[in-house]
Each structure stands twice: as structure tokens, then as C-alpha cells.
2 protein chains.
Amino acid sequence: MTGTSKSALRADATRNVAQIRAAALDAFHGRGLATPLEEIAKIAGVSKATIYNRFGGRDGLIDAVIGELVATEMYAIMERAQQVADPWECIATYVSDRRDLQYREPAFTDTLRMAYPESKNLIALANKATDVTTELLHRAHEAGVVRRDFTAADLYYADIANGLALAAMPKPARADYDRRTGFFLDSLRPQ
Amino acid sequence: MTGTSKSALRADATRNVAQIRAAALDAFHGRGLATPLEEIAKIAGVSKATIYNRFGGRDGLIDAVIGELVATEMYAIMERAQQVADPWECIATYVSDRRDLQYREPAFTDTLRMAYPESKNLIALANKATDVTTELLHRAHEAGVVRRDFTAADLYYADIANGLALAAMPKPARADYDRRTGFFLDSLRPQ
DNA sequence: AAGCAACTTGACCCTATAGTCAACTTGACG
DNA sequence: CGTCAAGTTGACTATAGGGTCAAGTTGCTT
């Protein structure tokens, strides 16, 4: 063999893969995972068909970039929460950080929604988030800092609703958004 | 003249108008105001072009049915709230009734969102709802039963978010939905 | 019952997006 | 440096929905 590369890709194909990834990151960041592939192709300077050749379509492309786009930040959020000792601060940090990521990254809401069930990496992320939510909420319930009748499904519903509103309306000012997150957090307390 | 009718519509056209209205009420009720016109035409037993002939398109059709579809219930909600003496119960009733209507009638969320700005009747309804919300919230603030930093825009945002989630996800069980409405109401209280 | 304006409609066109493929181009190896 | 597999792409198909119109049909008036 001539190198350490494991791929049989030709040089031009390798370059195109890199350009398409970069374009997808850029486009998904601004518009979410539903960005038309033709637009991504244009940014990358290739034709739409090349995306199908290299990634097999939107699902494969999502699989290829969701890590850099969302997974990194999501894992940071989960770890950050896990490091907060105070039970209430733990859940409050987790919820606030999720809301922050929704505000900055529409693709995060697409991930939570499992908008592309064929993308394995996306589904894995969504499931991981669900697991962590369940776990943190369980602890919060045990500690008595979150009302017993508030479930993981309730948090899921509220966050999807929030993400859809963000996508469908003019983006609210950060201050308004954060105040609303505060309201939501208040509603979690017992009584 | 041969009758008291003010319209110059021929008998077959009159019949079609009635059938289209009925079909639109039915379809909008189930699917919201975005139902494809072709589907409404099929239910009505006419061609899509006839809807354009009689109503001028979706906006005109919405204008023709939004009253029966949403306005009646919306005015009932506003009057019901206005009749509750206790300031907190007043706002709680108003918010709960809006959520209930969202659950039963997707077109109500379309109205709140002003999803069809060309439909005058829809816009008038949306504005009326905004006025009443502002007025009731003002009273609630005066009475000190709702936190000062909760604004009409906050209620608007929350209700749009809720309506979008209802449309995008499997409909939650009524009990879950009502519990979440309860959480939301709790978040309005001072502190 | 004949004529005509009112009415309806099938068959269009247009937009946007996903997805496919035959034919052309090009990188890399012997 | 010629060969050809790998790679690219323009042009295509398909789906879904909005919107329009020439041509045909029908209710109404006299």
C-alpha cells in the first residue's frame, strides 16, 4: 500500500467529500437539517448528484456531520449537568443548556424530534438525550426538587414545542427567550 | 325580481358554494387551514377550479368559514373569561380555554399564527384575541395574581409553540395535555 | 324552445424538492 | 503517456401543491 489511508477514494472525490461536509455544516447550522441538498451542493461547488454518490443522500450526509454539528455540544451539556452537585441546579443547568443549544442550533431540535429516522447517528443521539433526561429527572424527583407529576415526556414535549416555535416565528430576542426559559424552570418546582 | 335573494348566483353555483363550505369546514376541522384545496374539492364533489371561481382561492374560502370554524368558539372563550370575577380564575379560565380549543381545533392555532395574512376575517380574529389577552393580562397584573414579567407576547409564544407541537407530534392523551396546561398556569404566578 | 350568460372543468403551467442515470471527464497506475 | 475504473454531472423523472383558462355544459329568461 502507498499510504495509511484506508479509503479507496480518488483525490478529487476526497476533496469533494471535504467540501460537501463543510457546506453541510454551514447550511445545517443556519437552516436546520431540512436544507435542500441542491443548496448544499451549490455551496460545495459540486452537483447534487455528487452528494448522492458520496453520502447516499440526506440521511448519510446527516450521519456524517451530526457529530460535529450537535453531538459534541450535546455531550458537553450532559457532562456539565452531571457535574453539578446540587440536585436542583443540576436539572436547571441541563434544561437551560438544552434551551440555549436550541436557540443557537436548529439542528438540535431536528435531532430531538428524530426528524430523520434513517440517520443512525441522529437516532442514537436522540436516544442518548432521552436516557440522560430520564436519569436526571429521576434524581431530581428523588431529591424532591422537581414536582413528581412532571415527566421526561413533558420535558420532551415542551422542548419540541419550543424548537418548532423558534423555527416558525421571528427569533425572539435573547433576553425574552431566556426569561421564558426561566418561567419554564419555575413550573418544574414542587407545588 | 323573483325572490328576496340578493345574489345573482345561479342555482347550481349556490349549491356548489354550500357544498364547498361544508367540505372546507370538515377538512379544516381535521387538518387545519393548510388542507390542500384539491382535497376539499373532492369532498365537495366539484373541481378545484370551482373553488377558485366561487371563493377566489384559499384566502377567500377561509374568510367564508373561519367564523363558523373558530370565531364562534373564540368569542365564547373571551366572554366566558370576562364573566369570571376572581382575577386569577379569570386568566386561568382564559388560558385553559384557549389550550382546549387548540387541542380540538388546529385551525385556531393557524388563526393565532396569522398563517394567512390575506384573509381579512382571520386577521381580525387574531387581532381581537391579542387585544383581549392584553386586557386580561393587564387586569391580572393589577390584581397581582400574575407575575409582572410575564407579557402578552410570552403567552402568544407559548401558545404558538404548543399549537405547533400538537400539529407535529402524535396527539398527546387529554390527561397529559391538561397536566401540561396546569404546569404552564403555575408558571404564571408571582415568584 | 332557443339563445346566451353563467358556470364548471379537464388539462394545463409553474414552483420546489427528492432522487436517478447515461454519457462524459479525469486521476492514477503500469 | 495510454488506458480505464472511478468519479462527476446535466438532464431527466417523479411527487405535491398552487393557480389559470379555453372549451364545453347548463340554468334562466323571454
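So you know, we letter chains A, B, ... as the sequences are listed, proteins then strands, and number each from 1. Below, each value reflects all heavy atoms present in this structure, side chains not excepted, and no hydrogens, waters or symmetry copies.
- Going from atom CG of B:Leu33 over to atom P of D:dG17 covers 16 Å, rounded to whole Å.
- By the salt bridge (Lys or Arg N to Asp or Glu O under 4.0 Å) test, B:Asp97 pairs with B:Arg80, sequence neighbours left out.
- Scanning for side chain to side chain contact (heavy atoms under 4.5 Å, CB included) contacts around A:Asp186 gives B:Arg147, with sequence neighbours left out.
- Place B:Gly57 and A:Ala13 on DNA chain D by their nearest nucleotides, and A:Ala13 ends up nearer the 5' end.
- Among residues at least two apart or in separate chains, there is no salt bridge (Lys or Arg N to Asp or Glu O under 4.0 Å) pair with a member in residues 114-123 of chain B.
- As a whole-Å value, the separation of B:Lys42 NZ from D:dG17 C1' is 15 Å.
- Checked against side chain to side chain donor-acceptor pair (under 3.5 Å), A:Arg179 has the following partners two or more places apart in sequence or in another chain: A:Asp176, B:Asp154.
- Applying the side chain to side chain donor-acceptor pair (under 3.5 Å) test to B:Glu135 and every residue at least two apart in sequence or in another chain returns B:Arg139.
- With sequence neighbours left out, A:Asp159 forms a side chain to side chain donor-acceptor pair (under 3.5 Å) with A:Arg98, A:Arg99.
- For the segment residues 46-54 of chain A, residues with any heavy atom less than 4.0 angstrom from an atom of DNA chain D are, sorted by number, A:Val46, A:Ser47, A:Ala49, A:Thr50, A:Asn53, A:Arg54.
- A:Glu39 places its CD atom 12 Å from the P atom of C:dA16, with the value rounded to the nearest Å.
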Please table the atom pairs, donor to acceptor, closer than 3.5 Å between any side-chain atom in residues 24-34 of chain B and protein atoms at least two apart or in another chain.
from	atom 1	to	atom 2	distance (Å)
B:His29	ND1	B:Glu105	OE1	2.8
B:His29	ND1	B:Glu105	OE2	3.0
B:Arg31	NH2	B:Glu39	OE1	2.5

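- Atom CG of B:Leu61 is separated from atom P of D:dG17 by 16 Å (rounded to the nearest Å).
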Output a table of nitrogen or oxygen pairs between the protein and nucleotides 24-28 of chain C separated by less than 3.5 Å.
from	atom 1	to	atom 2	distance (Å)
C:dT26	O2	A:Arg10	NH1	3.1
C:dG27	O4'	A:Arg10	NE	3.3
C:dA28	OP1	A:Ala11	N	3.1

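- Residues passing the salt bridge (Lys or Arg N to Asp or Glu O under 4.0 Å) test with B:Glu68, sequence neighbours excluded: B:Arg21.
- Taking a 6.0 Å sphere around CD of A:Glu38, one finds it holds 12 or fewer heavy atoms contributed by other residues, nucleotides or ligands.
- Heavy-atom distances under 4.0 Å link DNA chain C to no residue of residues 108-120 of chain B.
- Between A:Tyr177 and B:Tyr157 there is a side-chain heavy-atom pair separated by less than 4.5 Å.
- Screening residues 41-55 of chain B for side chain to side chain donor-acceptor pair (under 3.5 Å), with sequence neighbours left out, gives no hits.
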